[in-house]
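Written out below as structure tokens is the structure these notes cover.
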Amino acid sequence: MNSEDAFEFMNGLILEKTKISLNECERDVFLGIWASKTYGEISQEKNRDYQYVKETGPKLFKKIGTIFQINLNKNNFKPTIEQLYKQYTLRKISEIPQRDDVITNLSIAQQDRPAYTDNPFIPLNDIITEQHLLFGREREITRVFETLNSGSSVALIGEKKIGKSSLLQAIYQQAQHQLLKPRKAIYINLSLIFNDDDFYDELCNKVRITVSKGRKLIRELQKQQLLLLLDEVQQMTWDGFTRELRQQLRGLADGQANPPLRLVIAASEHLDVLFPDSRDNPSPFQGVCIEEVIKPWEENIVRGFIDSRLVNTQVSFTEEEIIQLTQESGGHPQRLMHLCYRTYSRYMERIKTEL
């Protein structure tokens, strides 16, 4: 689906519902955002006032979001429109069957369209690297880039398996277009790093400089502008990691208007718990990283997630099932994924038995 097709699809729906089509500036912003361009690039290419373009974007998101009852922003714009397209296309082909008809109508429906028997509730354990599969974290991503663009580093704090690593991947992939001042994004998973030497080796390899540490490393990194994303930062409490390494990272990310490093770190506990402030062991990231707490999903997000995964299937969960899934998962994304996977599998087993 290219940008023009997407615009024509959305503009047609908006015209149908409101009797008013999108204007030329809204069209330019729509096409520009679809192509991952900044408001500045759109303004320059279309010879439009930058402030006007910048104000048009949020208004466009709000207009579409209000009409279609969705949460739309610059980060989730393209995947959400694509999801709407799939949803409306499926409805156009045929009405989605009611729950009581799912089993009895399946054989007839299979004559006209695919069975969609693959379980849509995956990945179960892996980090989400395909951005169209990431769901429900638009606000967090927006706040992270707002913090980075304001001149601070960020710490993502949340319980294990809450989705911090998937968020880091999203930030890694979106950094090129979301950062006002360009930085090269570097991702390091500290669960695979066991001591200072491993860290210096991995960092220098990612930056493509000769392996070094201390003043030599500082001089090399001062030539760079990096966004360093560190996953599983609690590993830095291991004996193999020294205070000197953590303090060097702090120094490179702090104390300057435009330091060599901006940090986005992910940890399972608050920084003052991981690295308590004291005379002998000062906290390396406290005061440098602003904490963004990653919380479980609220009920409306849980429902939206289930709907988004079921939209291209011939299965619908009952209201009772959705309430139970919400309660049992506690809004924990990975726990919810596992529970939905099992629920969907039961439907498939039942369908196979009926056939």
Side-chain angles (χ1 to χ4, degrees), residues 33 36 57-58 61-62 64-65 68-84 120-150 152-179 185 187 189 227 229-233 262-270 289-311 325-326 329-341:
I33 293 173
S36 300
F61 304 146
K62 185 176 181 181
I64 297 175
F68 298 100
Q69 298 294 297
I70 55 176
N71 179 22
L72 192 65
N73 57 51
K74 195 173 182 181
N75 295 323
N76 71 355
F77 184 77
K78 187 173 180 179
T80 303
I81 299 300
E82 288 175 334
Q83 190 66 44
L84 274 175
F121 293 100
I122 54 174
L124 294 177
N125 297 303
D126 296 337
I127 298 172
I128 296 175
T129 57
E130 298 180 50
Q131 292 307 292
H132 70 281
L133 294 178
L134 185 66
F135 189 90
R137 295 302 186 190
E138 295 81 10
R139 286 181 296 180
E140 288 87 345
I141 293 173
T142 297
R143 286 198 291 261
V144 166
F145 280 109
E146 285 176 349
T147 300
L148 290 172
N149 286 325
S150 72
S152 296
S153 294
V154 181
L156 304 177
I157 308 297
E159 62 182 288
K160 290 183 178 296
K161 305 297 183 181
I162 197 70
K164 301 185 299 296
S165 296
S166 297
L167 264 175
L168 281 180
Q169 286 296 317
I171 295 162
Y172 175 81
Q173 294 183 33
Q174 295 182 30
Q176 180 180 355
H177 303 292
Q178 295 278 20
L179 291 177
Y187 171 84
N189 187 345
L227 177 66
L229 302 104
L230 299 178
D231 207 352
E232 304 288 349
V233 164
R262 282 274 182 259
L263 298 171
V264 181
I265 63 177
S268 57
E269 296 183 89
H270 291 283
C289 296
I290 295 177
E291 293 190 359
E292 177 68 33
V293 178
I294 309 304
K295 299 178 181 178
W297 285 341
E298 297 176 354
E299 182 181 350
N300 65 316
I301 299 180
V302 170
R303 289 177 177 274
F305 169 75
I306 294 173
D307 288 344
S308 72
R309 291 300 177 100
L310 291 178
V311 68
L325 289 166
T326 303
S329 68
H332 192 290
Q334 189 174 92
R335 198 175 300 140
L336 176 67
M337 187 82 82
H338 279 270
L339 292 169
C340 288
Y341 183 91

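- Remark: side-chain polar atoms of N76 are paired, donor with acceptor, to backbone N or O of N71 under 3.5 angstrom.
- Within the 4.5 Å cutoff, the side chain of P333 has heavy atoms near those of the R137 side chain.
- Checked against side-chain contact (heavy atoms from CB on, under 4.5 Å), K62 has the following partners two or more places apart in sequence or in another chain: T66.
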L156 and I171: CA distance, side-chain angles, deciding distance, side-chain contact (heavy atoms from CB on, under 4.5 Å) verdict: CA-CA 11 Å; L156 304 177; I171 295 162; 4.3 Å; yes

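- In this view, I301 and F135, R139, W297 satisfy the side-chain contact (heavy atoms from CB on, under 4.5 Å) rule, not counting sequence neighbours.
- At distances below 3.5 Å, not a single donor-acceptor pair connects side-chain atoms of Q176 with backbone N or O atoms of A185.
- Among residues at least two apart or in separate chains, salt bridge (charged side-chain N to carboxylate O under 4.0 Å, His left out) pairs with a member in residues 298-307 are E299-R303, R303-E319.
- When side chains are defined from C-beta on, L148 counts as touching L179, because their heavy atoms get closer than 4.5 Å.
- Rounding to the nearest 0.5 Å places CZ of R309 at 4.0 Å from CE of M337.
- For F61, the ring-ring contact (aromatic ring centres under 6.0 Å, His included) partners two or more places apart in sequence, or in a different chain, are F77.
- Atom OH of Y187 has more than 12 neighbouring heavy atoms from other residues, nucleotides or ligands inside a 6.0 Å radius.
- With sequence neighbours left out, S153 forms a side-chain contact (heavy atoms from CB on, under 4.5 Å) with A253, R262, L263, V288, C289.
- Annotation: side chain of L167 is not in contact with side chain of V144 (no heavy-atom distance under 4.5 Å).
- Across every non-hydrogen atom of L336 and F305, the tightest pair is CD2-CD2, 3.6 Å.
- Expressed to the nearest 0.5 Å, how far NE2 of H338 lies from OG of S329 amounts to 12.0 Å.
- Atom CD1 of residue I141 and atom CG of residue N73 lie 8.0 Å apart, to the nearest 0.5 angstrom.
- Here the side chains of Q169 and I128 are not in contact, with every heavy-atom distance at 4.5 Å or above.
- With sequence neighbours excluded, the residues forming a side-chain contact (heavy atoms from CB on, under 4.5 Å) with I290 are T147, S152, listed by chain and number.
- Note: I265 CD1 to L168 CG = 10.0 Å, rounded to the nearest 0.5 Å.
- When all heavy atoms of V302 and G331 are compared, the closest pair comes out as CG2-CA, 4.2 Å.
- Rounded to the nearest 0.5 angstrom, H332 NE2 and K161 NZ are separated by 9.0 Å.
- With hydrogens and angles disregarded, a donor-acceptor distance shorter than 3.5 Å links the side chain of K164 to the backbone of E159.
- Rounding to the nearest 0.5 angstrom, the gap separating the OG atom in S308 from the CD atom in Q83 is 6.0 Å.
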